[in-house]
Participant: 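Dropping the structure in here first, questions after.
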Amino acid sequence: MADVSIRKVFKRYDSVEAVRGIDLEIKDHEFVVLVGPSGCGKSTTLRMIAGLEEITAGEIAIDDIVVNDVPPKDRDIAMVFQNYALYPHMTVAENMSFGLRLKRFPKPEIKARVDEAARILDITELLDRKPKALSGGQRQRVAMGRAIVRHPKVFLFDEPLSNLDAKLRVQMRTEIKRVHQKVKTTTVYVTHDQVEAMTLADRVVVMNHGVIEQVGPPNELYHAPLTKFVAGFIGSPAMNFIPCKLEDAGDGLRVRLTGDYAFPVPQARVARYRPHLASPNLLFGVRPEHVAESRPHAEPGIHPFEVGLDVTEPMGMETLVYFKVNGAEVCGRVSPTAGAADNARMRLAIDMNNMHLIDDATGMVL
Amino acid sequence: MADAVVTPVTEVRRARPKPRSRLRKFFERKSTIAFFMALPLILLIFTLVIYPAFYAIYLTTLNKRMTATAWMKNCTYLPDWICTYIPFGNLQFLLTRETFWMVFWQSCLFAITAVIFKALIGFIVSHLVHNIPAKGQRKWRGMLLVPWVIPAAMSTLAWQWLFDPSYSAFNWILAQFEIERIAWTGVAHWARFSVILVNIWIGAPFFMIMYLAALKSVPDQLYEAAEIDGANWWQRIWFVTLPMMRNIIAITALFSTIVTFANFDIVRVLTAGGPLDKTHLFATWSFRLGIEGGDIPLGATVSLFMVPILAVAAAFILRDITRRGNEA
């Protein structure tokens with residue numbers, strides 16, 4: 001069990017800078033998920049913690065010991081790979097105990113640890129099989145078992161669920177969370193799937209172009225993103241961005257999307273937004289669930305408007321409606337009974353209490 | 001009126017197809033098509049493999065002038081009335097010859113030593129090449145393949161000059177260190193050493209290229225997993241590389257054993273079997289007896305003797321491969 005500190009870490013390949021100065025403190029027992037699009041440097045960061053990649057600049061410390069020059073085997077970490085990386089010629093038990101056997105643990109101790117891990121992962125009856133005879137989900141469990149038996153200071157997961165089919169992925173996601181509740185080892189988990197990040201993490205680290213965009217608990221990232229990238233990356237369907245202008249409306253402010261649509265900014269935010277009154281590149285951001293069908297009774301901050309829908313997508317529990325405002329495609333979520341139909345006109349309502357205002361020039365949420 | 005015209009036509013149509021369709025059905029059957037598709041290969045194997053093989057067996061039963069059958073005689077374990085009706089006189093003659101057993105031993109020594117060293121050198125060199133950055137790798141791979149690509153008879157000729165007792169490079173180097181000259185191809189054990197050395201030089205690149213391909217097919221993540229598990233470089237080779245390459249190693253070794261055992265050109269050019277038959281292999285000795293010595297049935301018998309030995313080797317190694325065939 002250990003803390004992991006990443007301080008001003010850079011990774012440069014020949015001409016590419018994969019990681020550009022990231023700082024991150026991971027606390028003991030914490031489950032941290034690095035998430036971002038491919039090529040954002042998240043896997044490189046993980047591999048630097050593992051010791052599989054050299055650190056160009058900065059330092060990484062595990063338990064306050066700088067490990068920059070410590071080989072992987074002496075860092076006391078365990079890693080689960082995307083392709084499982086099980087040794088095909090060894091049985092499940094041999095795969096799991098390989099690290100312990102190399103470290104010359106006594107046989108009864110090895111057996112006890114393997115049995116314990118197999119029990120946690122529910123793979124006891126598979127111990128004598130070869131990886132070839134296992135399904136994808138079972139292989140994933142074995143790969144996790146191989147990590148657990150080592151009782152390492154840190155678990156590292158490198159996109160462990162990407163090779164599984166959708167149903168199994170959801171199942172294994174729960175499994176990983178369950179195992180972490182039992183084993184409680186500090187965990188760093190890399191994924192490109194924001195749903196995995198949201199569901200698993202104590203804290204999510206959103207990375208883009210080699211830098212950290214934002215670090216925080218899942219709900220904070222969802223409701224209070226700091227940058228346009230985080231706002232757009234977290235959440236599915238993604239947040240709508242509509243070019244807008246900020247207008248003075250006496251004691252308040254108004255967001256004007258087009259000639260047709262202008263909505264008052266909630267009073268609580270007026271002071272915050274007023275300095276940006278003249279900004280030329282403003283984006284209005286709103287999540288689909290805050291664009292819903294209009295209700296008969298008025299609520300503060302919720303403003304009805306009428307649009308012509310382009311496409312509707314019934315999802316069962318809700319219907320997604322798409323329409324265009326000011327050239328931008330906008331997605332809304334309405335009740336399946338609200339009567340949305342392709343190419344029909346519909347009365348929707350926007351929840352301005354959950355709006356975001358983004359300066360498109362800097363990419364920052366205001 | 002119209003009906004009357006139409007009816008006989010349909011009758012004719014109905015009656016005719018029957019005999020034709022039976023033949024067509026035969027040709028449309030999957031097994032028939034398969035047979036015809038395989039026919040060229042079957043013919044090829046018959047003319048180039050099966051016929052010569054049986055002809056060789058037939059040859060072994062003839063006497064030196066090929067005018068009569070070479071019956072066995074004076075068998076130790078069989079009564080004479082059976083013995084004298086077995087047409088393996090040549091075989092009986094060979095098995096009682098000391099030279100035959102020497103050639104047998106020499107062939108085994110040659111094949112086994114050469115294959116072991118070829119495999120070892122190929123393994124080491126393939127690792128070296130594998131660790132060269134991808135940019136320069138092609139160049140090195142190409143250069144290392146040269147010994148294998150040059151016709152063996154030609155490169156062996158060059159080696160013969162290197163081994164020349166009076167003017168060769170090797171002996172010149174030895175002379176610089178004031179070590180006595182070596183008659184490389186003149187003394188039995190040095191001649192055997194030279195022949196094996198040349199074979200290793202020619203054959204190692206084949207192992208190198210096969211092992212390199214095998215190395216490239218081992219996923220990097222296995223090494224990374226092993227590294228995190230605490231394996232040092234030797235343990236990574238022992239627990240990851242070797243098990244992953246097992247099948248390629250076995251197949252390559254088998255293939256090379258067969259080719260090396262049946263080697264002809266190197267010995268023929270370098271020592272011609274000498275000194276005193278001490279470097280003869282089955283193939284070269286068979287040539288010496290059959291073509292040069294004019295006793296074709298005896299030569300055929302010698303060459304035929306390789307079949308059971310190699311068959312046993314092949315069976316052993318191939319059985320092992322099918323047993324763990326699809327492990328990965």
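Please read these numbers as outputs of a predicted model, since none were measured by experiment. A, B, ... follow the sequence lines: proteins, then strands. Residue 1 opens every chain.
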Participant: What are the residues of residues 195-209 of chain B, in order of number, with any heavy atom under 4.5 angstrom from a heavy atom of chain A?
Facilitator: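 Residues qualifying by a heavy atom under 4.5 Å from chain A are absent, so none.
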Participant: Mind checking whether Trp285(B) and His280(B) have parallel, tilted or perpendicular rings, split at 30° and 60°?
Facilitator: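 Tilted, since the angle between the ring planes falls between 30° and 60°.
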Participant: Ignoring hydrogens and geometry beyond distance, is a side-chain donor-acceptor pair present between Tyr84(A) and Asn95(A) at under 3.5 Å?
Facilitator: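 No, no side-chain donor-acceptor contact under 3.5 Å.
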Participant: Heavy-atom count check: over 12 atoms from other residues, nucleotides or ligands less than 6.0 Å from Asp128(A) CG?
Facilitator: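 Open: at most 12 neighbouring heavy atoms sit under 6.0 Å from CG of Asp128(A).
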Participant: Measure Ala147(A) against the heavy atoms of chain B and call it side chain, backbone, both or neither at under 4.5 Å.
Facilitator: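 When you check distances to chain B, no heavy atom of Ala147(A) falls under 4.5 Å.
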Participant: Count the heavy-atom pairs under 4.5 Å between each of Ala85(A), Gly51(A), Pro131(A) and chain B, then report the option with the highest count.
Facilitator: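 The answer is Ala85(A).
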Participant: Please classify the contact between Leu100(A) and chain B as side chain, backbone, both or neither, with a heavy-atom cut-off of under 4.5 Å.
Facilitator: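 Contact with chain B involves no heavy atom of Leu100(A) at all.
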Participant: Quick one: do Glu175(A) and Arg178(A) make a salt bridge, cutoff under 4.0 Å?
Facilitator: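 A salt bridge links Glu175(A) with Arg178(A).
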Participant: With a 4.5 angstrom heavy-atom cut-off, is it the side chain or the backbone of Ile77(A) that approaches chain B, or both, or neither?
Facilitator: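 Interface part for Ile77(A): both.
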Participant: Which residue pairs satisfy the salt bridge (charged side-chain N to carboxylate O under 4.0 Å, His left out) criterion with at least one member in residues 206-226 of chain B, sequence neighbours excluded?
Facilitator: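 Every pair satisfying salt bridge (charged side-chain N to carboxylate O under 4.0 Å, His left out) with a residue in residues 206-226 of chain B: Arg47(A)-Glu224(B).
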Participant: Is it true that Lys42(A) and Glu159(A) have a side-chain N and a carboxylate O under 4.0 angstrom from each other?
Facilitator: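 Salt bridge between Lys42(A) and Glu159(A), a charged N being under 4.0 Å from a carboxylate O: yes.
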Participant: Validate the cation-pi geometry between Arg146(A) and Phe81(A): distance from NZ or CZ to the six-membered ring centre under 6.0 Å, angle to the ring axis within 45°.
Facilitator: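 No cation-pi geometry.
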Participant: With only heavy atoms counted, which part of Tyr223(B) is less than 4.5 Å from chain A, the side chain, the backbone, both or neither?
Facilitator: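 Neither part; nothing is under 4.5 Å.
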Participant: So, Ser43(A) and Asp158(A): side-chain donor and acceptor under 3.5 Å apart, yes or no?
Facilitator: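 The criterion, which ignores hydrogens and geometry beyond distance, is satisfied for Asp158(A) and Ser43(A).
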